[in-house]
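Throughout, residue positions are numbered sequentially from 1 according to the sequence presented.
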Amino acid sequence: QVQLAESGGGSVQAGGSLKLSCVGSGFTFHKRFVAWFRQAPGESREWVACTSRYGETLKYADSVKDRFTISRDNAKNTVYLHMTRLAPEDTSMYYCATTSRDGRLNFCSEEEPEYESWGQGTQVTVSS
C-alpha cells in the first residue's frame with residue numbers, strides 16, 4: 001500500500017524559512033517521480049515543484065522559483081521542499097504526491113492527473 005507522510009509545516013513570519021519532508025513507503029521509491037502541491041482555503045490545488053526519479057530533473061512553478069528548492073534522498077525514501085523568503089501568499093496546506101507506476105528517467109510532471117497517491121498534507125502559515 002502506497003503511503004506518503006508529510007511533516008515540517010508550521011507558522012512563520014514573512015521572510016522566514018521552512019523545510020518540509022515527505023516520506024514514502026509501500027513502493028520502490030526511486031522508481032517514481034514526486035511532486036509538491038499546495039491548496040489554500042477556497043482555492044484550487046496548485047502544483048509547486050517536482051523531482052524526477054533520481055533528482056536529475058527539477059521543475060518549479062513560477063510563483064516559487066528561486067525561493068523554493070525540491071530535493072530527494074532515495075536512501076531515506078524522502079523528498080524535501082526547502083522554502084525560503086516565505087510570503088503570506090504561500091500560506092496553504094502542502095501535499096506531496098506520486099504516481100501509481102514507475103516513471104521514466106529525467107522526467108517529472110506538472111499535471112495533477114498524473115499523481116494518484118497523496119499524503120495527508122502539512123499546514124504552512126506565513127504571517128505578515
Side-chain angles (χ1 to χ4, degrees):
Q1 180 183 357
V2 174
Q3 291 190 326
L4 297 169
E6 304 94 337
S7 63
S11 297
V12 295
Q13 290 194 324
S17 301
L18 282 174
K19 188 172 185 177
L20 308 183
S21 299
C22 169
V23 178
S25 61
F27 62 100
T28 306
F29 193 79
H30 68 265
K31 290 191 174 182
R32 309 272 178 98
F33 53 83
V34 177
W36 285 96
F37 289 79
R38 65 186 182 184
Q39 187 170 23
E43 303 284 336
S44 56
R45 193 150 51 188
E46 175 190 15
W47 172 80
V48 174
C50 67
T51 170
S52 59
R53 290 170 50 174
Y54 295 98
E56 68 275 28
T57 296
L58 306 174
K59 298 179 183 177
Y60 299 92
D62 287 344
S63 58
V64 306
K65 199 172 292 185
D66 299 326
R67 298 190 300 123
F68 291 11
T69 302
I70 188 171
S71 61
R72 67 189 295 163
D73 183 342
N74 287 341
K76 296 182 179 179
N77 283 11
T78 303
V79 170
Y80 304 97
L81 187 67
H82 187 204
M83 306 183 295
T84 65
R85 291 165 24 221
L86 283 161
E89 52 265 37
D90 294 316
T91 295
S92 281
M93 185 72 79
Y94 284 73
Y95 300 90
C96 65
T98 192
T99 61
S100 62
R101 61 195 183 282
D102 297 347
R104 60 184 187 270
L105 293 172
N106 301 312
F107 175 79
C108 64
S109 176
E110 303 161 47
E111 303 300 325
E112 186 174 334
E114 295 267 3
Y115 296 91
E116 293 159 304
S117 298
W118 296 79
Q120 294 298 306
T122 186
Q123 177 67 37
V124 172
T125 302
V126 185
S127 57
S128 57

- Message: Using the rule given for side-chain contact (heavy atoms from CB on, under 4.5 Å), can you reason through T57 versus T51, listing the C-alpha separation, both sets of side-chain angles and the distance that settles it, and then say yes or no?
- Response: CA-CA 6 Å; T57 296; T51 170; over 6 Å; no

- Worked check of side-chain contact (heavy atoms from CB on, under 4.5 Å) between Y80 and R72: CA-CA 6 Å; Y80 304 97; R72 67 189 295 163; 5.9 Å; no

- Step by step, work out the side-chain contact (heavy atoms from CB on, under 4.5 Å) result for V23 and K76. CA-CA 8 Å; V23 178; K76 296 182 179 179; over 6 Å; no

- Task: Under the side-chain contact (heavy atoms from CB on, under 4.5 Å) rule, what do L20 and E6 come out as? Steps first, then yes or no, please.
- Result: CA-CA 7 Å; L20 308 183; E6 304 94 337; over 6 Å; no

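Minimum heavy-atom separation, W36 to C22: CZ2-CB, 3.6 Å. Here the shortest heavy-atom pairing between C50 and S109 reads SG-O, 3.7 Å. Across all non-hydrogen atoms, the minimal contact from Q3 to F27 is O-CE2, 4.0 Å. When all heavy atoms of S128 and A14 are compared, the closest pair comes out as CA-CB, 4.3 Å. Here the shortest heavy-atom pairing between E46 and S63 reads OE2-OG, 3.3 Å.
Taken from CD1 in I70 to CG in L81, the straight-line distance is 6.0 Å, to the nearest 0.5 Å. Put simply, CG on L105 and SG on C108 are 12.5 Å apart, with the number rounded to the nearest 0.5 Å. The OG1 atom of T122 sits 10.5 Å away from the OH atom of Y94 when rounded to the nearest 0.5 Å. Annotation: the span from N77 atom CG to S21 atom OG amounts to 12.5 Å, rounded to 0.5 Å.
The residues D66 and R85 are annotated as not salt-bridged, no charged nitrogen and carboxylate oxygen being separated by less than 4.0 angstrom. A salt bridge is defined here as a Lys NZ or Arg NE, NH1 or NH2 lying under 4.0 Å from an Asp or Glu carboxylate O, and R53 with D102 fails to meet this definition. A salt bridge between E114 and R101 is present, with a side-chain N of the basic residue lying under 4.0 Å from a carboxylate O of the acidic one.
Between the E56 side chain and the N106 main chain, a donor and an acceptor come within less than 3.5 Å of each other. Judged by distance alone, the side chain of T91 and the main-chain N or O of V126 form a donor-acceptor pair under 3.5 Å. With hydrogens and angles ignored, the 3.5 Å screen pairs a side-chain donor or acceptor of T84 with a backbone N or O of R67.
Under a cut-off of 6.0 angstrom, the local environment of CD in Q120 is sparse, with at most 12 non-hydrogen atoms contributed by other residues, nucleotides or ligands. At most 12 non-hydrogen atoms from other residues, nucleotides or ligands lie less than 6.0 angstrom from NZ of K31.
By the rule that hydrophobic residues join a cluster once side-chain heavy atoms approach within less than 4.5 Å of another member, W47 and V64 end up as members of separate clusters. Note: the hydrophobic cluster containing V2 also contains V79 (ILVMFWY, side chain heavy atoms under 4.5 Å, direct or indirect links). The hydrophobic clustering, which links ILVMFWY residues whose side-chain heavy atoms are closer than 4.5 Å, places L4 and V48 together. Placement of M93 and F37 within a single hydrophobic cluster is found when ILVMFWY residues are connected by side-chain heavy-atom separations under 4.5 Å, directly or transitively. F68 and V34 fall within the same hydrophobic cluster, defined by Ile, Leu, Val, Met, Phe, Trp and Tyr side-chain heavy atoms under 4.5 Å apart, directly or through other members.
For an aromatic pair to be called close, the ring centres must be under 6.0 Å apart, and Y115 with F33 satisfies this.
In this structure, a donor-acceptor pair under 3.5 Å is present between the side chains of E116 and S100.
Note that R45 lies in the cation-pi zone of W118, set by a 6.0 Å cut-off to the ring centre and a 45° limit from the axis.
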